[in-house]
Amino acid sequence: MSNESTSAPNFIRNQISEEIEAGKVDKIVTRFPPEPNGFLHIGHAKSICLNFGLAEQFGGDCHLRFDDTNPAKEEQAYIDAIKEDLHWMGFEWAGDVRYASDYFDQLYAWAQHLIREGKAYVDDLSPDEIREYRGTLTEAGRPSPYRERSADESLDLLERMKQGEFAESEKVLRAKIDMASPNINLRDPILYRIRQANHHQTGDKWKIYPSYDFAHGQSDAIEGVTHSVCTLEFEDHRPLYEWFLDNLPVPAKPRQIEFARLNLSYTLTSKRKLKLLVDQGIVDGWDDPRLPTISGMRRRGYTPASLRKFCDMIGVTRADGGLVEIGMLYHAIRSDLEDNAPRAMCVMKPLKVVLTNVPEGHEEVFEAAGHPARDDMGTRKLPFTREIWIDQDDFMEEPPKKFFRLAPEKEVRLRNGYVIRCDEVVKGADGDVSELRCSVDFDTLGKNPEGRKVKGVIHWVSAEHGVPIEVRQYDNLFQVEVPDKDKDADFLDHLNPESLVIVEGIAEPSIRDAAPEARYQFERVGYFCADRHACAEGKRVFNRTVGLKDGWAKAQKKG
RNA sequence: UGGGGUAUCGCCAAGUGGUAAGGCACCGGUUUCUGAUACCGGCAUUCGCAGGUUCGAGUCCUGCUACCCCAGCCA
């Protein structure tokens, strides 16, 4: 696998470089901390490349730690999928897979420590009351009436919460910080809440679960994480993150650094919304090729290298509110596949061509390069017969100027074969063109015809030897750049009705034994990937990863 | 209207007081048995706006403006 660790410098990398030069750290430790409540998407890929990339660049470690503090939303299946995505991306985490739940005992002891220090208390307020007491963005909150209850009582209550003596929402453990803080996260944040759910890692051992804030920083400290990189929305949590580290006997003091999350045009990167698309059956599972999930992009035909390249291209900053054009992603995969995908020909909308001066039963085989610039990809055999298929788009009865394809009385080259001339257009009862009768210039194989130049080259497939395949032509799932821009509207209204168009194509025989996930460039059309599920079942299904750039279409548009 | 952030080409993004990198897109041109690729050239007198400091400011100061995040017992 190509390992383009070009990785452009960014502010985090620069900062770490300085720390290392100043001797503040010798070995860095980062971590990728997904919650197993959904599949990883392109936004996670950015974080993955950053965290694993940093460890790679500085000779440090990157841990994989599942942030599994909310059993109500998490599942083992997501854990398995996330691990597979990471492996596929080409990253190895240091040591075993870790879980925040590995530290539940320590976290509990630290909660008790805080209570004894008079810095935490069990609160009996209801969720509604807690919200009410918290105040608003502009008004200070009020202390809970339970705020000053004794440490002994809180300790006892917390233990009983843990034993399952209370119902969900009956009690919570809160830190005692500052109800008047302008930073709402410091208004006595919740440390533990009661959850009756069975936990995918700890089973029924616990009835209380730590909040993200109470678990994350301490887990980082336990693991010796030096740089805890997260997204901008956690910036307001940093004072709290540090408050815990400063008020608990933790073994280390990691630093939280925030960067801007990725916004990609025409796509959604909200786990909640992606899950809705999956649950409502709007797409074919979490790995639907139209989804920006890592597994979806994999199925679509993206390569790990292309995803890494894309992440390098977009960079890492603290500038938020931006929107990366999806065209950048397309460029990343095209440039990879241009270099690495073998070529083949496939006709998408077949139009029959009878080559009148080729005898019935005649057969010859052309040898074509597997890749025009890579000898290591060998050659493929192209059987040539009297009847062939070409694409309907490559013929026009009344062509505009500069239409370098087939038209009545015009010549065109069959890719890797002869130049042919269109002598006759046959129409069906409906008036549509049903067949073309052409003649071959046999003196044009591997050389230009005498005295004239034939500019156009079109792809074709022998009618006798062509292999029927199902082609799934994927396009953006949404029709607008920011599907969820309008908070009052339903993002489903912007679904693209043509995000998937299935067509029966006919491909050259060389793709007959394509392995699942084999990628090809269907010449003059685009890049395609053998569907890993369908092909594993013996079907021949190809997903369009991305089309080739189309200068002709662009020129037409301009008029 | 509280707090925390961010503003450099259509998009992403370098730049940390010395006279605006790069990529994507776009526009020309060359090559081409993929209207693809490759290659060559063009593409910010200007860094949200207005003042100020300085010999010199995208970089420092002041004041505006716009946008993003925060009132889950989600992460």
Colleague: Searching all strands shown, indicate the nucleotide that pairs with B/rC47 (Watson-Crick or G-U wobble; both distances under 3.5 Å).
Modeller: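 Pairing partner, where one exists within any strand: none, as none qualifies.
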Colleague: What residues form a side-chain hydrogen bond (donor to acceptor under 3.5 Å, both in side chains) with A/Thr231, not counting sequence neighbours?
Modeller: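 A/Thr231 satisfies side-chain hydrogen bond (donor to acceptor under 3.5 Å, both in side chains) with A/Glu233 only.
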Colleague: Identify each atom pair where a protein N or O and an N or O of nucleotides 23-25 of chain B are less than 3.5 Å apart, giving names and distance.
Modeller:
| from | atom 1 | to | atom 2 | distance (Å) |
| --- | --- | --- | --- | --- |
| B/rC24 | OP1 | A/His331 | NE2 | 3.2 |

Colleague: For A/Asp123, what residues pass the salt bridge (Lys or Arg N to Asp or Glu O under 4.0 Å) criterion, not counting sequence neighbours?
Modeller: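 If we apply the salt bridge (Lys or Arg N to Asp or Glu O under 4.0 Å) test to A/Asp123, skipping adjacent residues, the hits are A/Arg174.
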Colleague: Can you tell me the pairing partner of B/rA66 across any strand shown, Watson-Crick or G-U wobble, with both distances under 3.5 angstrom?
Modeller: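 When the pairing criteria are applied, B/rU6 turns out to be the nucleotide that pairs with B/rA66.
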Colleague: Where does B/rG10 fall, syn or anti, if syn means a chi angle no more than 90° from 0?
Modeller: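 It is anti.
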Colleague: Quick check on ring pair (Phe, Tyr, Trp, His ring centres under 6.0 Å): which of A/Phe395, A/Tyr418, A/Trp389, A/Phe384 does A/Trp460 satisfy it with?
Modeller: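 Single pass found, and it is A/Phe384.
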Colleague: Using only side-chain N and O atoms of A/Arg134, determine if any of them is under 4.0 Å from OP1 or OP2 of B/rC73.
Modeller: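 Checking A/Arg134 against B/rC73: at least one side-chain N or O falls below 4.0 Å of OP1 or OP2.
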Colleague: For residues 186-202 of chain A, which residue pairs qualify under salt bridge (Lys or Arg N to Asp or Glu O under 4.0 Å), counting only residues two or more places apart or in two chains?
Modeller: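 Residue pairs passing salt bridge (Lys or Arg N to Asp or Glu O under 4.0 Å), neighbours aside: A/Arg147-A/Asp188, A/Glu168-A/Arg195.
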Colleague: B/rA36, OP1 or OP2 - any side-chain N/O from A/Arg524 closer than 4.0 Å?
Modeller: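 Negative; the distance criterion is not met.
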Colleague: Once side chain to side chain contact (heavy atoms under 4.5 Å, CB included) is applied, do any residues pair with A/Pro383, and if so which ones, sequence neighbours excluded?
Modeller: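 Listed in chain order: A/Glu363, A/His465, A/Pro509.
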Colleague: Show me the pairs that pass salt bridge (Lys or Arg N to Asp or Glu O under 4.0 Å) and involve residues 209-218 of chain A, at least two apart or across chains.
Modeller: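 Qualifying pairs, neighbours excluded: none.
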Colleague: The criterion is salt bridge (Lys or Arg N to Asp or Glu O under 4.0 Å); which residues satisfy it with A/Glu132, sequence neighbours excluded?
Modeller: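 Per chain and number, A/Glu132 pairs via salt bridge (Lys or Arg N to Asp or Glu O under 4.0 Å) with A/Arg142.
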Colleague: Walk along nucleotides 64-69 of chain B from 5' to 3' and tag each nucleotide B, S or - by protein heavy-atom contact under 4.0 Å, base first, then sugar-phosphate.
Modeller: ----BB
Colleague: Side chain to side chain contact (heavy atoms under 4.5 Å, CB included) with A/Ala180: which residues, sequence neighbours excluded?
Modeller: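 With sequence neighbours excluded, A/Ala180 shows a side chain to side chain contact (heavy atoms under 4.5 Å, CB included) to A/Ala140, A/Asp178, given in chain and number order.
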Colleague: Can you figure out which of B/rC33, B/rC73, B/rA7 approaches the side chain of A/Arg195 most closely?
Modeller: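 Looking only at heavy atoms from C-beta outward on A/Arg195, the closest nucleotide is B/rC73.
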Colleague: Counting distance alone, no hydrogens or angles: does the base of B/rG4 have a donor or acceptor under 3.5 Å from a partner atom on the side chain of A/Arg238?
Modeller: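 There is none.
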Colleague: So, OP1 or OP2 of B/rA75: does either fall under 4.0 Å of a side-chain N or O from A/Arg65?
Modeller: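 Checking B/rA75 against A/Arg65, no side-chain N or O comes under 4.0 Å of OP1 or OP2.
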Colleague: For A/Lys271, which contact category applies under a 4.0 Å heavy-atom criterion: base, sugar-phosphate, or nothing?
Modeller: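 If one applies the 4.0 Å heavy-atom cut-off, A/Lys271 turns out to touch nothing in the nucleic acid.
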Colleague: With respect to the phosphate group of B/rG2, does any side-chain polar atom (N or O) of A/Thr136 fall under 4.0 Å of OP1 or OP2?
Modeller: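 No, A/Thr136 has no side-chain N/O under 4.0 Å of OP1/OP2 on B/rG2.
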Colleague: Can a side chain N or O of A/Asn14 be found less than 4.0 Å away from OP1 or OP2 on B/rG15?
Modeller: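 So the side-chain polar atoms of A/Asn14 do come within 4.0 Å of the phosphate oxygens OP1 or OP2 of B/rG15, strictly under.
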Colleague: Return the pairing partner of B/rU59 with a 3.5 Å limit on both distances, Watson-Crick or G-U wobble; otherwise return none.
Modeller: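 The base-pairing partner of B/rU59, which may sit in any strand shown, does not exist here.
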Colleague: Charged N to carboxylate O under 4.0 angstrom, A/Arg131 versus A/Asp128?
Modeller: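 The answer is yes: the pair qualifies as a salt bridge.
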Colleague: Answer with yes or no after comparing the ring centroid distance for A/Phe234 and A/His216 against a 6.0 Å cut-off, counting only values under it.
Modeller: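 Not close enough - the centres of the two rings lie 6.0 Å or further apart.
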Colleague: Looking at A/Thr138, I'd like to know whether one of its side-chain N or O atoms comes within less than 4.0 Å of OP1 or OP2 on B/rU1.
Modeller: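 No, no such contact exists.
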Colleague: So what's B/rC26 paired with, Watson-Crick or G-U wobble, going by both distances under 3.5 Å?
Modeller: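 Partner of B/rC26: B/rG42.
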Colleague: Base, sugar-phosphate, or nothing for A/Arg318, non-hydrogen atoms under 4.0 angstrom?
Modeller: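 Sugar-phosphate: the residue A/Arg318, judged by heavy atoms under 4.0 Å, touches backbone atoms but no base.
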